[in-house]
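In what follows, a structure is listed as structure tokens, so that the remarks can point back to it.
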Amino acid sequence: MLGAKELAIAWGDNPQHWYWRSYPGGSRFAEVAELQWVCWLEIRGKLEMRLLSPNTFYAAYLVIKFKQDVYGFDYEPVTANIEVVGRVGGSNSVWCSKNRQIHLSPNGGQGHHFARKRGDGWMEVEMGHFYNGELEDGESREVHMSVLETERLGAKYGLIVQGMEVRPKVDT
């Protein structure tokens with residue numbers, strides 16, 4: 001799991017937009033990111049695939065909670081993207097790229113991709129999945145994960161981000 005501090009969060013260093021704090025409700029990390037107010041949501045993470053088991057399907061999840069006062073996520077989905085980027089020699093290439101509409105609402109959502117409660121009290125939404133095949137000699141790969149809402153520039157607040165988790169996908 002990549003903690004919120006390991007993610008690239010637009011305006012994450014501005015306390016008017018994001019507040020970094022410990023979370024008394026339990027977190028794997030010392031600090032989580034609490035959304036104060038933005039009109040543009042952009043959260044990105046990346047992970048070297050050599051850290052994952054080869055020949056395995058994985059799913060990537062955004063792990064979140066909501067404050068009691070949450071706004072801007074009820075009606076419209078946001079875009080999640082999973083991209084596997086490889087490097088052989090000196091050039092990069094995209095192996096696969098998948099977009100999906102997900103719902104970051106404390107009230108659920110329509111369709112299949114909405115935040116669900118986990119056993120640890122947090123919620124998660126699957127951003128997408130990918131296959132980690134064998135690496136060739138001299139090859140490296142990363143999985144790039146993102147959650148974006150950059151088209152509807154309305155107010156958004158009340159989201160708490162613990163991080164992004166990658167784990168083997170049970171149902172492929």
Side-chain angles (χ1 to χ4, degrees), residues 1-15 17-23 27-35 38-65 73 77-104 112-116 118 120 122-151 156 159-172:
M1 183 172 198
L2 298 171
K5 280 286 192 185
E6 297 175 86
L7 303 175
I9 300 176
W11 300 293
D13 59 350
N14 184 329
H17 297 289
W18 290 90
Y19 177 64
W20 295 90
R21 66 180 186 96
S22 61
Y23 190 74
S27 171
R28 289 175 152 175
F29 303 98
E31 291 184 308
V32 297
E34 184 178 297
L35 177 58
V38 294
C39 62
W40 176 298
L41 184 69
E42 183 174 341
I43 304 171
R44 297 179 184 274
K46 65 182 177 179
L47 182 67
E48 290 185 36
M49 293 179 69
R50 66 178 172 76
L51 300 173
L52 304 174
S53 298
N55 300 319
T56 305
F57 281 98
Y58 283 91
Y61 299 87
L62 181 66
V63 181
I64 57 175
K65 278 192 176 186
F73 299 104
V78 299
T79 301
N81 179 266
I82 300 293
E83 187 172 79
V84 175
V85 177
R87 183 173 187 84
V88 179
S91 63
N92 285 339
S93 60
V94 175
W95 291 72
C96 76
S97 181
K98 299 175 184 175
N99 284 330
R100 153 184 300 181
Q101 297 299 302
I102 62 173
H103 295 270
L104 299 182
H112 300 288
H113 310 295
F114 57 91
R116 293 180 168 94
R118 297 163 37 125
D120 63 1
W122 287 82
M123 298 179 83
E124 69 182 13
V125 59
E126 185 180 319
M127 299 184 303
H129 58 273
F130 60 94
Y131 182 72
N132 186 29
E134 294 282 343
L135 292 174
E136 303 287 327
D137 286 339
E139 179 185 14
S140 65
R141 277 188 227 146
E142 293 179 328
V143 58
H144 294 212
M145 304 162 284
S146 63
V147 175
L148 307 169
E149 204 297 281
T150 59
E151 294 178 19
K156 297 160 191 56
L159 180 71
I160 301 169
V161 178
Q162 180 177 194
M164 291 180 176
E165 185 172 43
V166 174
R167 63 179 188 260
K169 186 164 176 64
V170 177
D171 56 340
T172 56

> Should Val166 and Met145 be marked as a side-chain contact (heavy atoms from CB on, under 4.5 Å) after you check the CA-CA gap, both sets of side-chain angles, and the distance that decides it?
Replying inline: CA-CA 10 Å; Val166 174; Met145 304 162 284; 3.7 Å; yes

To the nearest 0.5 Å, what is the distance between [atom1] on [X] and [atom2] on [Y]?
X	Y	atom1	atom2	value
Leu104	Leu62	CG	CG	6.0 Å
Asn132	Leu47	CG	CG	9.5 Å
Leu52	Arg50	CG	CZ	10.5 Å

What are the two closest non-hydrogen atoms of [X] and [Y], and how far apart are they?
X	Y	value
Val125	His103	CG2-O, 4.2 Å
Pro77	Gln101	CG-OE1, 3.6 Å
Gly133	Pro54	O-CB, 4.3 Å

Looking only at atom types and distance, does a side-chain atom of [X] sit under 3.5 Å from a main-chain N or O of [Y], one as donor and one as acceptor?
X	Y	value
Asn81	Lys98	yes
Tyr58	Ser53	yes
Trp18	Ala10	yes
Trp20	Gly12	yes

> If you draw the axis of the six-membered ring of Phe114, does the NZ or CZ of Arg116 fall within 45° of it and under 6.0 Å from the ring centre?
Replying inline: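 Yes; both conditions hold, so Arg116 lies above the ring face of Phe114.
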
Would you indicate whether the side-chain heavy atoms of [Y] and [X] approach each other to under 4.5 Å?
X	Y	result
Tyr131	Thr56	no
Val63	Met123	no
Leu41	Thr150	no
Val161	Val32	no
Met127	His113	no
Val78	Leu148	no
Ile9	Glu42	no
Ile160	Ile64	no

>> For Tyr19, I'd like to know if atom OH has over 12 heavy atoms of other residues, nucleotides or ligands within 6.0 Å.
In response: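 12 or below, so no.
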
> Less than 6.0 Å separating the ring centroids of Trp122 and Tyr61?
Replying inline: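 No.
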
> Is Glu83 salt-bridged to Arg44, cutoff N-O under 4.0 Å?
Replying inline: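 No, this pair does not count.
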
> When you check the gap from the basic side-chain N to the acidic O, do Glu124 and Arg167 get nearer than 4.0 Å?
Replying inline: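 Yes, charged N to carboxylate O under 4.0 Å.
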
> Would Lys46 and Glu6 satisfy salt bridge (charged side-chain N to carboxylate O under 4.0 Å, His left out), going step by step from the backbone distance to the final call?
Replying inline: CA-CA 9 Å; Lys46 65 182 177 179; Glu6 297 175 86; over 6 Å; no

>> For a quick check under 3.5 Å, do Gln162 and Ser27 share a side-chain donor-acceptor pair by atom type?
In response: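 Gln162 vs Ser27: donor-acceptor pair found between side chains.
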
>> Does Met164 form a side-chain contact (heavy atoms from CB on, under 4.5 Å) with Leu7? I'd like the steps, not just the answer.
In response: CA-CA 8 Å; Met164 291 180 176; Leu7 303 175; 3.9 Å; yes

> Can Phe130 and Met49 be said to form a side-chain contact (heavy atoms from CB on, under 4.5 Å), step by step?
Replying inline: CA-CA 11 Å; Phe130 60 94; Met49 293 179 69; 3.7 Å; yes

> Hey, mind stepping through Lys5 and Glu31 against side-chain contact (heavy atoms from CB on, under 4.5 Å) and telling me if it holds?
Replying inline: CA-CA 7 Å; Lys5 280 286 192 185; Glu31 291 184 308; 2.9 Å; yes

> Can Glu48 and Arg141 be said to form a salt bridge (charged side-chain N to carboxylate O under 4.0 Å, His left out), step by step?
Replying inline: CA-CA 6 Å; Glu48 290 185 36; Arg141 277 188 227 146; over 6 Å; no

>> The test is salt bridge (charged side-chain N to carboxylate O under 4.0 Å, His left out); show your working for Lys156 and Glu149 and say whether it passes.
In response: CA-CA 10 Å; Lys156 297 160 191 56; Glu149 204 297 281; 2.9 Å; yes

